[in-house]
Amino acid sequence: MPELPEVEIVKQSLNQKIQQKKIKKIIIKNRNLRFKIPLKFEKLLENRIVKKVTRFSKYLILNFSDGSFCLIHLGMSGTIHLIKKNDLNKLTNTSFYNSPSLPKKHNHVEIHFKDLKIIYNDPRRFGFLKFINNKQALIDRFDHLGPEPFFKTFNLKYLLKYFLNKKKNIKSFLLDQKFVSGIGNIYASEILFLSRINPKTHAMKLSKEECKKIIFFSKTVLKRAIEKGGSSIRDFKNISGENGNFQKEFKVYQRENLSCLRNKCTGKIKKISISNRSTFFCNTCQK
DNA sequence: AAGAGGCCCTGATAGC
DNA sequence: TGCTATCAGGGCCTCT
């Protein structure tokens with residue numbers, strides 16, 4: 001599901017709801033996520049106060065008031081759901097929650113606060129949660145990740161140096177989190193379409209101008225997607241159950257055999273596989 | 001040592 | 001109440 005824009009949407013909506021709140025209880029229904037959740041996890045989180053929620057790349061980060069953290073990665077199919085305790089609950093002291101959009105299966109982790117809880121749901125279990133002791137450990141955990149497209153360090157000099165003698169195709173580089181972090185399979189195709197670059201182009205063959213376009217459109221596409229609340233294909237929703245809208249602006253993703261949307265281009269969108277990931281492009285204007 | 005490919009897992013859909 | 005194959009927003013690991 002989630003590339004950088006979708007995780008950013010989750011971060012923003014979580015921040016409005018759980019900032020400065022204390023974790024009352026953790027309930028784990030299934031520990032077997034991407035990495036097994038250790039038995040001590042509940043004790044490590046309970047009674048900590050969420051100072052704020054931040055994000056790096058596709059990782060959500062609960063920042064606790066004592067300087068520790070909890071990483072949340074949503075993998076391919078993870079979602080987070082906010083459940084408010086119903087007012088009725090306060091009166092009757094039952095455990096009735098108001099939960100219109102909560103899936104029936106795969107609700108693996110519950111984080112309870114005083115008046116609400118958030119639930120981590122993940123059918124494929126490619127995501128994970130991990131407690132991190134301190135700032136240095138967090139920095140170490142992200143050590144292998146390249147800059148986000150928004151960073152100043154994601155610039156022409158960086159690309160030209162990185163692509164020197166690199167035969168790998170540009171589509172794979174956009175998905176390579178060591179090179180640039182936060183872009184996933186949807187936005188990689190969209191960025192290359194806007195840059196008019198064929199996804200199979202060897203990185204070392206890219207001109208200076210093409211590198212500039214990649215930098216520019218990486219920033220603008222992700223920024224626009226965030227403004228539109230992310231992309232909702234299949235099941236992405238924000239934590240209140242609302243869809244994003246960027247999928248309505250897809251130029252190539254999931255548009256196989258449809259006409260190219262570029263002004264005056266008469267091409268059709270093709271779907272190919274690159275490193276086992278579907279890749280969409282116009283073979284007329286992305287030569 | 002860069003780069004390709006497999007694998008972790010469930011669910012939706014298409015084709016037979 | 002059909003089966004089977006294919007594909008899906010990610011990232012880590014192994015092999016060459």
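Quick note on labels: first sequence line is chain A, next is B, and so on, each numbered from 1.
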Could [X] and [Y] be called an ion pair, given the rule that one side-chain N must be under 4.0 Å from one carboxylate O?
{"X": "A/Asp66", "Y": "A/Lys51", "answer": "no"}
{"X": "A/Lys219", "Y": "A/Glu148", "answer": "no"}
{"X": "A/Arg196", "Y": "A/Glu210", "answer": "no"}
{"X": "A/Asp122", "Y": "A/Arg34", "answer": "no"}
{"X": "A/Arg31", "Y": "A/Glu42", "answer": "yes"}

Atom-to-atom span, [atom1] of [X] to [atom2] of [N] - whole angstrom:
{"X": "A/His108", "N": "B/dC9", "atom1": "NE2", "atom2": "P", "answer": "12 Å"}
{"X": "A/Ile186", "N": "C/dC7", "atom1": "CD1", "atom2": "P", "answer": "17 Å"}
{"X": "A/Phe173", "N": "B/dG3", "atom1": "CZ", "atom2": "C1'", "answer": "9 Å"}
{"X": "A/Leu175", "N": "C/dA8", "atom1": "CG", "atom2": "P", "answer": "13 Å"}
{"X": "A/Phe163", "N": "B/dA2", "atom1": "CZ", "atom2": "P", "answer": "14 Å"}
{"X": "A/Ile183", "N": "C/dG11", "atom1": "CD1", "atom2": "P", "answer": "12 Å"}
{"X": "A/Met204", "N": "B/dA2", "atom1": "CE", "atom2": "P", "answer": "14 Å"}
{"X": "A/Ile72", "N": "C/dG10", "atom1": "CD1", "atom2": "C1'", "answer": "16 Å"}

Find every protein N or O atom lying less than 3.5 Å from an N or O atom of nucleotides 12-16 of chain C, and list the pairs.
from, atom 1, to, atom 2, distance (Å)
C/dC12, O4', A/Arg34, NH2, 2.6

Rounded to whole angstrom, note down the P distance from B/dC9 over to C/dC3.
->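 Those two atoms are separated by 24 Å.
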C/dC7 and B/dG5: how far apart are their P atoms, nearest whole angstrom?
->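 Between the two P atoms, the distance is 15 Å.
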Could you provide the dot-bracket string of DNA chain C, using ( ) for intrastrand pairs, [ ] for crossing pairs and | for bases paired to another strand, with Watson-Crick or G-U pairs below 3.5 Å?
-> .|||||||.|||||||
Is the distance between the ring centroids of A/Tyr187 and A/Phe246 under 6.0 Å?
->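 For A/Tyr187 and A/Phe246, the ring centres are under 6.0 Å apart.
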At under 4.0 Å between heavy atoms, what does A/Ser278 touch on the DNA or RNA strands: base, sugar-phosphate, or nothing?
->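 Result for A/Ser278 = sugar-phosphate.
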Classify the nucleic acid contact of A/Lys178 as base, sugar-phosphate or nothing, counting any heavy atom under 4.0 Å across all strands shown.
->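 Touches nothing.
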Using a 4.5 Å cut-off on heavy atoms from C-beta on, say whether the side chain of A/Lys114 contacts that of A/Lys24.
->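 Side-chain contact under 4.5 Å: yes.
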Measure across A/Leu175 and A/Asn185 and return the closest heavy-atom pair with its distance rounded to 0.1 Å.
->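 Nearest pair, atom of A/Leu175 first, then A/Asn185: CD2-N, 3.5 Å.
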So, is A/Lys58 close to the C/dG10 phosphate, meaning a side-chain N or O under 4.0 Å from OP1 or OP2?
->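 Yes.
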Using a cut-off of less than 4.0 Å, is there contact between a side-chain N or O of A/Lys167 and OP1 or OP2 of B/dA2?
->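 It does not, given that no N or O in the side chain of A/Lys167 lies less than 4.0 Å from OP1 or OP2 of B/dA2.
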Atom pairs under 3.5 Å: protein N/O with N/O of nucleotides 10-14 of chain B:
from, atom 1, to, atom 2, distance (Å)
B/dT10, OP1, A/Arg125, NH2, 2.9
B/dT10, O4', A/Pro123, O, 3.3
B/dT10, O3', A/His106, NE2, 3.0
B/dG11, OP1, A/Lys105, NZ, 3.0
B/dG11, OP1, A/His106, NE2, 2.6

Cation over ring, A/Arg262 on A/Phe193, under 6.0 Å and within 45°?
->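 Yes, a cation-pi geometry holds between A/Arg262 and A/Phe193.
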Can you list the steps and then say if A/Phe179 with A/Tyr158 is a ring pair (Phe, Tyr, Trp, His ring centres under 6.0 Å)?
-> CA-CA 10 Å; A/Phe179 166 59; A/Tyr158 174 73; 5.7 Å; yes
Given ring pair (Phe, Tyr, Trp, His ring centres under 6.0 Å), test A/Phe173 with A/Phe163 step by step and report yes or no.
-> CA-CA 9 Å; A/Phe173 268 114; A/Phe163 289 163; 5.3 Å; yes
Hphob cluster co-occupancy, A/Leu258 + A/Phe250, side-chain heavy atoms under 4.5 angstrom |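 Hydrophobic grouping puts A/Leu258 apart from A/Phe250.
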State whether a side-chain donor-acceptor pair under 3.5 Å links A/Thr201 with A/Asn198.
->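 Checked: A/Thr201/A/Asn198 side chains show no N/O donor-acceptor pair below 3.5 Å.
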Check every atom of [options] against the side chain of [X] and return the nucleotide holding the closest atom.
{"X": "A/Pro2", "options": "C/dG10, C/dG11, B/dG3", "answer": "C/dG10"}
{"X": "A/Lys166", "options": "C/dG10, B/dA2, C/dA8", "answer": "B/dA2"}
{"X": "A/Asn276", "options": "B/dG6, C/dA8, B/dG3", "answer": "B/dG6"}

If you measure from the ring centre of A/Phe126 to the centre of the six-membered ring in the base of C/dG10, is it under 5.5 Å, with the planes under 30° apart?
->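 Given the distance and angle limits, yes, they stack.
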